[in-house]
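Nothing here was measured: the structure is a model prediction, and the numbers come from that model.
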Amino acid sequence: MDAFLDGFAVVSQPENLLYCLIGVLIGMLIGVLPGLGPAATMAILLPIVVTVDPVAAVIMLAGIYYGAQYGGTITSVLLRLPGEASSVVTVFDGFALAKQGKAGTALGVAAIGSFVGATFSIILLSLSAPLVASWALDFGPAEYAALALLGVLLIATIGSGHPVKALIAACVGLLFATVGRDSFSNAQRFSFDSMQLADGLDFVVVAMGLFGVAEILYNLEERHGKVHVPAAVNNIWPSRAELKQASPAIGRGSVIGFFLGVLPGGGAVMASLAAYATEKRVSKTPERFGRGAIEGVAAPESANNAAATSSFIPLLTLGIPANASMAMLFAALLVLGITPGPQLLEERPDLFWGVVNSMYIGNVLLLVLSLPLVGIFVRILRVRPAILAPITALITILGVYTINNSTFDIFVMIAFGVVGYLMKKVGFEPGPMVLAFVLGALLENNVRRALLIFDGDPTGFVTRPISGTILALFLVAAVFPIVQAVRHRRVATPDDTHLREDSLR
């Protein structure tokens, strides 16, 4: 309890409060700008945060992540253009309400739902994170290997996008993780006798390419020549009847978002989709959805903010990033000389509780700022991508050079930028590749350490209670989609037979 209260003392320092405000403002801004998500923004800012106090730096980056969830709502409602991937579902009913002259109501309900969902999740994060961290102290190499393996699978099976494409991207990410010197035998792997690749690929450089450069290229193409006229905003505060109608959806969305945010590959996008589908299923009038249902805005916005907050649990307590943005925060912690995991709570309680408690203040700031700043953000949307892109590209190039003072890193970043752009063009999300790249080293090193402990006997992974349970969950997660696919085929087969018979007649 003392450490929790000390966390408020840490975040109440003027410097930390300032960086919390900067983080949420940047988060809202990049949430408004379609294409430039929190992961890309963190990648661009990584070289800058190393010059800042670690606690202030992580508070700012955390603010960028959950602040982006608020900002993405504005363009979803006013322009039918989701600023953030997690706000895609909000477009359906948010824009429909805007066309009915209720854009202010939609934004007001979204802001309240976002605040409630995030606050609910922060409270559960404060209560559960120490318990998870103490439980994780029992983890050894076998447990971490099993957890990393489960994480790679979940990235592909429950993440956004096509599962097969996500799995392919994850496998490529695991392959990139093997580049460089083997930490056990000191042998070179896939370095092609290059001194620059001897120590492997730098995660920050890879991430800045796949997110920063790729997003710039893709966003330039998507928004080129497109002009959007925002809807008018009136009566921002919803009525009592509208709040009463939205309250159950906000509650359900908050719970769904918290639990899905913890899962690797889940995150805000999956949570918003699940919350919207749940509301449509439990509603007595599902035909209203897509035509301006308040619940269709309240549920996904509560869920994506709750998920954005709960995704900090596996990162801070286990050292496992749950999504691409958490992978960037993971990289930031490593660059700052901090190792996320079970020991973080004991070694750096000021950072742990400072970051967690900053979310309470950050979400109050977002609630206060989100609606009054709508007009300013709409004006920012009118800035042409052709002006924003060169500035962002210059910051990215300078940033990646300052990491190791290496021009080779610039070329690696550009190469991964082109790869990321081509991936998005053909329907492959770069997120699974980046997450698998992060988990790859954790998976390989812990598998080999565990095998050394077990004298080469692989059954040791199964006989240990925790690793055995995690591997059982892995099997369930791997088999479940296959069983579902077989069932769908069996159901579809009789229909196909009747269709063929009808056509012959």
### Residue pair Cys20 / Met60, side-chain heavy-atom distance below 4.5 Å
no
### Query
Do Thr278 and Arg281 have a side chain donor and acceptor closer than 3.5 Å?
no
### Query
salt bridge (Lys or Arg N to Asp or Glu O under 4.0 Å) with Arg291: which residues, sequence neighbours excluded?
none
### Query
Which is it for Val356 and Leu125 under the side chain to side chain contact (heavy atoms under 4.5 Å, CB included) test, yes or no, and what are the steps along the way?
CA-CA 8 Å; Val356 171; Leu125 166 62; 4.2 Å; yes
#### Entry: Sidechain-backbone polar pair: Thr119 side chain, Val116 backbone, donor-acceptor under 3.5 Å
no
### Query
Once you round to the nearest 0.5 Å, how far does CG of Leu471 lie from CD of Glu143?
9.5 Å
### Message
Using every non-hydrogen atom in the two residues, find where Ala57 and Leu336 come nearest and quote the distance to one decimal.
### Response
CB-CD1, 4.0 Å
### Message
Tell me if a side-chain donor or acceptor on Ser272 pairs with a main-chain N or O of Pro300 at a distance below 3.5 Å.
### Response
no
## Note on the structure
Here the gap from Ile470 atom CD1 to Leu150 atom CG, rounded to the nearest 0.5 Å, amounts to 7.0 Å
### Task
Return the set of residues passing side chain to side chain donor-acceptor pair (under 3.5 Å) with Ser114 (not counting sequence neighbours), or none when no residue passes.
Asn305
### Query
Which value, rounded to the nearest 0.5 Å, describes the distance between Arg240 atom CZ and Gln245 atom CD?
15.5 Å
### Query
So which of Val355, Val52, Leu329 actually passes side-chain contact (heavy atoms from CB on, under 4.5 Å) with Leu61?
Leu329
#### Entry: Ser128: side chain to side chain donor-acceptor pair (under 3.5 Å) partners, not counting sequence neighbours
none
### Query
Side-chain contact, heavy-atom cut-off 4.5 Å: Val364 with Phe115?
yes
### Query
ring-ring contact (aromatic ring centres under 6.0 Å, His included): which pairs involve residues 280-301, sequence neighbours left out?
Tyr276-Phe289
#### Entry: Chi angles and distances behind the side chain to side chain contact (heavy atoms under 4.5 Å, CB included) call for Val24, Tyr66
CA-CA 7 Å; Val24 297; Tyr66 59 80; 3.8 Å; yes
### Message
Do Ile168 and Val164 make a side-chain contact, defined as non-hydrogen atoms from C-beta onward lying under 4.5 Å apart?
### Response
yes
### Taking every non-hydrogen atom, the tightest pair across Ala298 and Val109
CB-CG1, 3.7 Å
### Message
Within the structure provided, determine whether Ser126 and Trp353 are in side-chain contact (heavy-atom separation under 4.5 Å).
### Response
yes
### Message
Checking the side chain of Ser254 only, and the main-chain atoms of Ile250 only, is there a donor and an acceptor separated by less than 3.5 Å?
### Response
yes
### Message
Taking the side chain as everything from C-beta on, heavy atoms only, tell me whether Leu147 gets closer than 4.5 Å to Ile320.
### Response
yes
### Task
Taking all heavy atoms of Ser121 and all of Ala306, pick out the closest pair and write down the distance.
OG-O, 2.7 Å
### Smallest separation among heavy atoms of Leu439 and Pro321, with atom names
CD2-CD, 4.3 Å
### Message
Within the 4.5 Å heavy-atom criterion, are Arg252 and Val282 side-chain neighbours or not?
### Response
yes
#### Entry: Test item: Thr285 side-chain N/O and Glu287 main-chain N/O as donor-acceptor pair under 3.5 Å
no
### Message
With a 4.5 Å cut-off on side-chain heavy atoms, are Leu124 and Ser310 touching?
### Response
no
### Lys280/Glu295 salt bridge by N-O under 4.0 Å criterion
no
### Task
Give, for atom CE of Met326 and atom CG of Leu333, the distance between the pair rounded to the nearest 0.5 Å.
9.5 Å
### Task
Could you please spell out the steps behind the side chain to side chain contact (heavy atoms under 4.5 Å, CB included) verdict for Leu174 and Phe437?
CA-CA 5 Å; Leu174 289 174; Phe437 182 80; over 6 Å; no
### Message
With a sphere of 6.0 Å drawn around OH of Tyr360, does it hold more than 12 non-hydrogen atoms of other residues, nucleotides or ligands?
### Response
yes
### Message
Please evaluate residues Thr41 and Leu29 with respect to the criterion side chain to side chain contact (heavy atoms under 4.5 Å, CB included), reporting the C-alpha separation (whole Å), side-chain torsions for both, the decisive distance (0.1 Å), and the verdict.
### Response
CA-CA 10 Å; Thr41 306; Leu29 177 61; over 6 Å; no
### Qualifying residues under side chain to side chain donor-acceptor pair (under 3.5 Å), relative to Asn363, sequence neighbours excluded
Tyr70
### Message
I'd like to check Ser311 versus Tyr65 (side-chain heavy atoms, cut-off strictly below 4.5 Å). Are they in contact?
### Response
yes
### Task
Output the distance between atom CG (Leu127) and atom CD1 (Ile122), rounded to the nearest 0.5 Å.
12.0 Å
#### Entry: Minimum heavy-atom distance between Ala274 and Ile256, given as atom pair plus value
CB-CG2, 3.9 Å
### Task
Keeping the roles fixed (side chain from Asp93, backbone from Val297), state whether a donor-acceptor pair exists under 3.5 Å.
no
### Nearest-0.5 Å distance, OG1 of residue Thr90 to CG of residue Asn304
6.0 Å
### Task
Give a yes or no on whether the backbone of Gly253 and the side-chain of Ser302 come within a donor-acceptor separation of less than 3.5 Å.
no
## Note on the structure
Correct closest heavy-atom pair for Val262 and Pro314 would be O-CG, 3.5 Å
### Query
What residues form a ring pair (Phe, Tyr, Trp, His ring centres under 6.0 Å) with Phe176, not counting sequence neighbours?
Phe416
